[in-house]
Protein chains: 2
Amino acid sequence: MSTITGFETVDVRFETSAMLDGSDAMNPDPDYSAAYLRVTTDAADGHEGHAFVFTIGRGNDVQVAAIDAVAHRVLGRDVEAILDDLGGFWREFVYDSQLRWLGPEKGVMHMAIGAVVNAFWDLKAKRAGLPLWQLLARMSPEEIVALVDFRYLSDALTEDDALGILRAALPGRAEREAALLALGYPAYTTTPGWLGYSDDKLRRLAREAVDEGFQQIKLKVGDRLDDDVRRLRIARETVGPDIRIAIDANQRWDRDQAIDWIRALEPFDLAWVEEPTSPDDILAHAAIARAVAPVRIATGEHGMSRVLFKQLLQAEAASIVQIDSTRVAGVNENIAILLLAAKFGIPVCPHAGGVGLCEAVQHFSMFDFVAVSGSQDGRMIEYTKHLHEHFVAPVELVGGRYCAPLAPGIGMEMLASSLAENEFGVRATA
Amino acid sequence: MSTITGFETVDVRFETSAMLDGSDAMNPDPDYSAAYLRVTTDAADGHEGHAFVFTIGRGNDVQVAAIDAVAHRVLGRDVEAILDDLGGFWREFVYDSQLRWLGPEKGVMHMAIGAVVNAFWDLKAKRAGLPLWQLLARMSPEEIVALVDFRYLSDALTEDDALGILRAALPGRAEREAALLALGYPAYTTTPGWLGYSDDKLRRLAREAVDEGFQQIKLKVGDRLDDDVRRLRIARETVGPDIRIAIDANQRWDRDQAIDWIRALEPFDLAWVEEPTSPDDILAHAAIARAVAPVRIATGEHGMSRVLFKQLLQAEAASIVQIDSTRVAGVNENIAILLLAAKFGIPVCPHAGGVGLCEAVQHFSMFDFVAVSGSQDGRMIEYTKHLHEHFVAPVELVGGRYCAPLAPGIGMEMLASSLAENEFGVRATA
C-alpha cells in the first residue's frame, strides 16, 4: 500500500514563435508549452506519474493553476485505490459538482482533470512495466468499458455496444500487436506546411517528407486563397500525384466561406480538409461536409469532450476524427472517443505535433489498432519534427511510420533538464 | 485621458451548501461564489470597474487566477481607447491566438475574458451616469452592431440582419423605456423549488411566491421520478391552475431518459423543461424537443458561447433561451445572443439566482425589451431571494416584477464589507 506524498507543477514554455514553427491561419505565433505535472508516492518502486496539458503560450500559468488545484485534492490518498478504479477516479473529478460549473467538461478545468488522471495512468503503466498502449490492449473488454463514462453517450453508444466492439476485436489482438511491433503505425507529417514558411522552405521540406517515406503531408491554409493555391501547386508538383495532401484551415472560415474556399482548392486532390470553422459548430461542419463531398472533413483537435465528438459523428459532420490527447479529460475520455468512432466506422487520425503530443497520442492509435477498430485503414498519426529531444522516450519514426514505443508509461515524461531550462514561471510544490 | 492604474481580484465564497439553497439534481451542495475583479484608473472621477464570474465554490481560485492573468494585460493602458472600442477590446482577447488554445471560447478562460470586458462596461456605464440597460438602449444600431463579433454567426445572423432588427425597434424605444420605468419587467422565482427542501418548505415558499405576485415558479427535478411527481403535485395544488410551473433537470438525463421522464411529468402542465441533458448536446436537445412537443425545452445557463446558442436555435432545440451573464464573454457576447434569439423569434429568459446574477442579467432583458426584441411576451427574468444584500445596488422586485435599476453601472459591484467578510483565499493585487 502506498500514498500520494507530493506533486509538482511546472510552467514550461518554448519560444517556437521565433521560428514560425506551428504558424497557421488562426495561430500566427504559438509558443509551444506544457502545463506539467509530476506526482510522487512513498512506494518503494520510486515511480512517479508524469503528465501535462499542451498549450501554446500565454495562459499556460492559468492551466498550471488549475492542475495545481485538482492535484491538491489527491495528496495523501491511497495510490492503489486510485489505480484500481481509474474509471471511478475520472468520475469523481469530472462530476465534482462545484468544479463542474467551470466547464462543464470543457476548457481549462477539464484539461486539468485530464492531466491529473493521466499522471495516474502513467504511474499505473510504469508499475505494470508496460507502455500505455500495451497496458490498455491487454485489458479485458469489461475492464476497458469500466473506464468509460457513458452518460450523455447512450443515444449513440451504450455499454453493450462498446463491449461488442471490444469483444469483436479480441481474436486478432496478438496478431495485430505483433504486426505493430514489427511494422509500426503510419504517420503523416505537417512539418512542411506551416503558413509562415517560405515557398522554398515548403518545397524543400515537402521533398524531404517524401524521401523520409511519408505517404501524406499537410498544409496550413485559410489566410489568403491565392497563397493557398500557389502553395498547394508547389506541394503537389513536389510530392507528385501519389502522396496525399491534407489541408488545415484552423477554424478560419464561416460556413459558406468554407464551402467556397474548399471548392476552389478541390482540384489539388485533397486528402481531407481540417477544422474549416469553429470546432464547436457541429451543424456548420455537417453542412460543409454535405456541400463539398466527396472531399472529406476532419476535425477534433479542439474537440472539448466526448459529447462533441458524439454529435460530430451523429451529424455525419466529420469523416476523420482527430483526438488531442490532452484536450479531453485524459486516457479515459480518449478511449470513449475511440469507441464512438469505431461504432460509427470513422477513422481516428490523432492531432499531434506541439510539444509531446506525438509521444502521447501514439498510444491511443496503437491501442485502437490492437483492441478497438482493429484496423490501420485510412488511419495515421500526425507528426512534426520539433521538440522531441525534451522527452525521456522520444518517438521513433522509420520510413514514415511510428515505431511502437516500449518504454513503460504514457510517454509524457520530460527530461528534468528540459523542465529546468524551459521553466517560465515560479514552480509550485506541495 | 486616463490610465488603468491597478486591479484587485478577490475569491469570494458563501457557504450556501449549509442551507441547501441552490441544490439540484447535479449540484447537491453549491457554495455560491464570485471570482471578483475591481479595476482602478487615475481619472479624477474616481470610478472603478467592478465585475465577477459566478461559480459554485471549488475552483473559484482557478477562475480568479484566470481573471488575474487577463487583467494584468490591461495595466497601464489608456482607458478611453478601450471604452471607445469595446468591440475591438473583446476581439483582442477572445482572438488572442495563444489564450484561444485554452478554449476556444469556452470555460475558465472565456469567462475570465468576460469579467475583464465587463469591468470596462461598468466603468463606461458609470462614466455615462447610466445603468447598463439604458446605456445600451440609447446606442445607435450601428454602435451596437460594432460591439458584436459575427464570425461563425453569418450562416444564421449577419451584420445586416442585426442592423435590421435594431432599426425595426428604434421607433418604440422611448415608449418602452417609459413602460419599463413605470411597470418593470416580469420575473419568475426559483426560490420554492430547490431539491433539498422539504415538502412543507416547498408548499410554504410556493404559497409565498404567489402572494408576492409571481406568475411562474420553477422546481428542480431529475433525481427520482416519484419525488418529482409528488413535489409537482404539491406545487400545482398550492399555486392553482393559473400560475405557471417550469421544471429544471440540470443536465441530469440522457436523451431517451429525458423523453420518458418529461412525458411522465407532462400532466402537471409544464411552462418549460430546462437543461434536460448535457448543455453541449444540441442534437439531443433537438430530439427531445421534437419528441415532447408541445412541452417546451429551455436551456442556456451553461451555454458556453454564441456558437452554441446559434446551433440550438438553428436546430430548433430550444424554445426558450437562457443566457447567463457571466458564462459567456461579457456584455458583447450577451448582446450577440439576444440578437440571435430575436432573429429566430425565440424569447430570452435569463438565468439568474446564484450570487449577483439577478443584479447583472436584468440589464440584458431590459435592453432587449427596449431596443432588440421590443417585447416582454413570454419573457421573464429568473429570481431567487438569496445574497442580494451584498450588492451596492440590490435588485428590487414589486409584485413579481423587476424594477428597472437606475444606479449607474452594470450592477455587479459588491459592498466592500461583503468582499472582506466573505473572502476565501489570499487577495491578489497589482
Side-chain angles (χ1 to χ4, degrees), chain A residues 17 26-31 33 54-63 65-66 68-69 73 95-112 150-155 251 254-257 277-284 287 302 304-305 307-308 310-311 314-315, chain B residues 26-31 33 54-63 65-66 68-70 73 95-112 150-155 251 254-257 277-284 287 302 304-305 307-308 310-311 314-315:
Chain A
S17 59
M26 291 289 275
N27 307 296
D29 57 351
D31 286 321
S33 302
F54 169 65
T55 84
I56 61 173
R58 283 185 292 281
N60 200 48
D61 49 335
V62 175
Q63 188 59 58
D68 213 74
R73 299 182 55 197
Y95 290 114
D96 175 293
S97 63
Q98 296 191 353
L99 293 182
R100 195 170 165 77
W101 189 270
L102 300 172
E105 301 187 45
K106 59 180 71 73
V108 168
M109 186 52 70
H110 200 54
M111 296 193 282
F150 289 89
R151 175 170 270 180
Y152 304 140
L153 298 188
S154 64
D155 53 322
Q251 319 171 20
D254 276 27
R255 186 191 67 184
D256 297 344
Q257 186 185 20
T277 188
S278 164
D280 305 318
D281 201 334
I282 298 141
L283 302 182
H302 283 81
M304 61 190 175
S305 75
V307 176
L308 184 86
K310 181 192 72 167
Q311 292 177 86
Q314 288 175 315
Chain B
M26 289 291 275
N27 307 297
D29 57 351
D31 286 321
S33 302
F54 170 64
T55 85
I56 62 173
R58 282 185 292 282
N60 200 49
D61 49 336
V62 175
Q63 188 60 58
D68 213 74
V70 177
R73 299 182 55 198
Y95 290 112
D96 176 292
S97 63
Q98 296 191 353
L99 293 181
R100 195 169 166 77
W101 190 269
L102 300 171
E105 301 188 44
K106 58 179 71 71
V108 167
M109 186 52 69
H110 200 55
M111 296 194 282
F150 290 89
R151 175 170 269 179
Y152 304 141
L153 298 188
S154 64
D155 53 320
Q251 319 169 20
D254 276 26
R255 186 190 67 185
D256 297 344
Q257 187 186 19
T277 188
S278 163
D280 305 317
D281 201 335
I282 297 141
L283 301 182
H302 283 82
M304 61 189 174
S305 76
V307 176
L308 183 87
K310 180 193 71 168
Q311 293 178 84
Q314 288 175 315

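In the text below, chain A, chain B and the rest are named by the order of the sequence lines, each starting its count at 1.
For a residue to count as touching a neighbouring chain, one of its non-hydrogen atoms must lie under 4.5 Å from one of that chain's; by this rule A/Asp61 touches chain B with the side chain only. Within the 4.5 angstrom heavy-atom criterion, only side-chain atoms of A/Gln63, from C-beta onward, approach chain B.
Closest non-hydrogen pair, B/Asp254 versus A/Phe150, comes out as OD2-O, 3.6 Å. Annotation for B/Ala284 and B/Thr277: closest pair CB-CG2, 3.9 Å, computed over non-hydrogen atoms. The shortest heavy-atom contact between B/Val62 and A/Ala65 is CG2-O, 3.9 Å. Residues B/Trp101 and A/Phe54 approach most closely at NE1-O, 3.1 Å, considering heavy atoms. Here the closest non-hydrogen pair linking A/Ala66 and A/Val108 is CB-CG1, 3.5 Å.
In terms of heavy-atom pairs under 4.5 angstrom with chain A, the leader among B/Gly57, B/Ser278, B/Gly59 is B/Ser278. With chain A as partner, the option from B/Arg100, B/Arg58, B/Arg151, B/Met111 having the largest number of non-hydrogen pairs under 4.5 angstrom is B/Arg58. Of the listed residues (B/Gln314, B/Lys310, B/Met304, B/Gln257), the greatest number of heavy-atom pairs within a distance under 4.5 Å of chain A belongs to B/Met304. Ranked by heavy-atom pairs under 4.5 Å with chain A, the list B/Asp96, B/Asn60, B/Asp256, B/Leu308 is led by B/Asp96. With respect to chain A, the highest number of heavy-atom pairs below 4.5 Å among B/Ala112, B/Ser154, B/Ser33 belongs to B/Ser154. Of the listed residues B/Gly107, B/Ala315, B/Pro104, the one with more heavy-atom pairs under 4.5 angstrom with chain A than any other is B/Pro104.
Judged by distance alone, the side chain of A/Glu105 and the main-chain N or O of A/His110 form no donor-acceptor pair under 3.5 Å.
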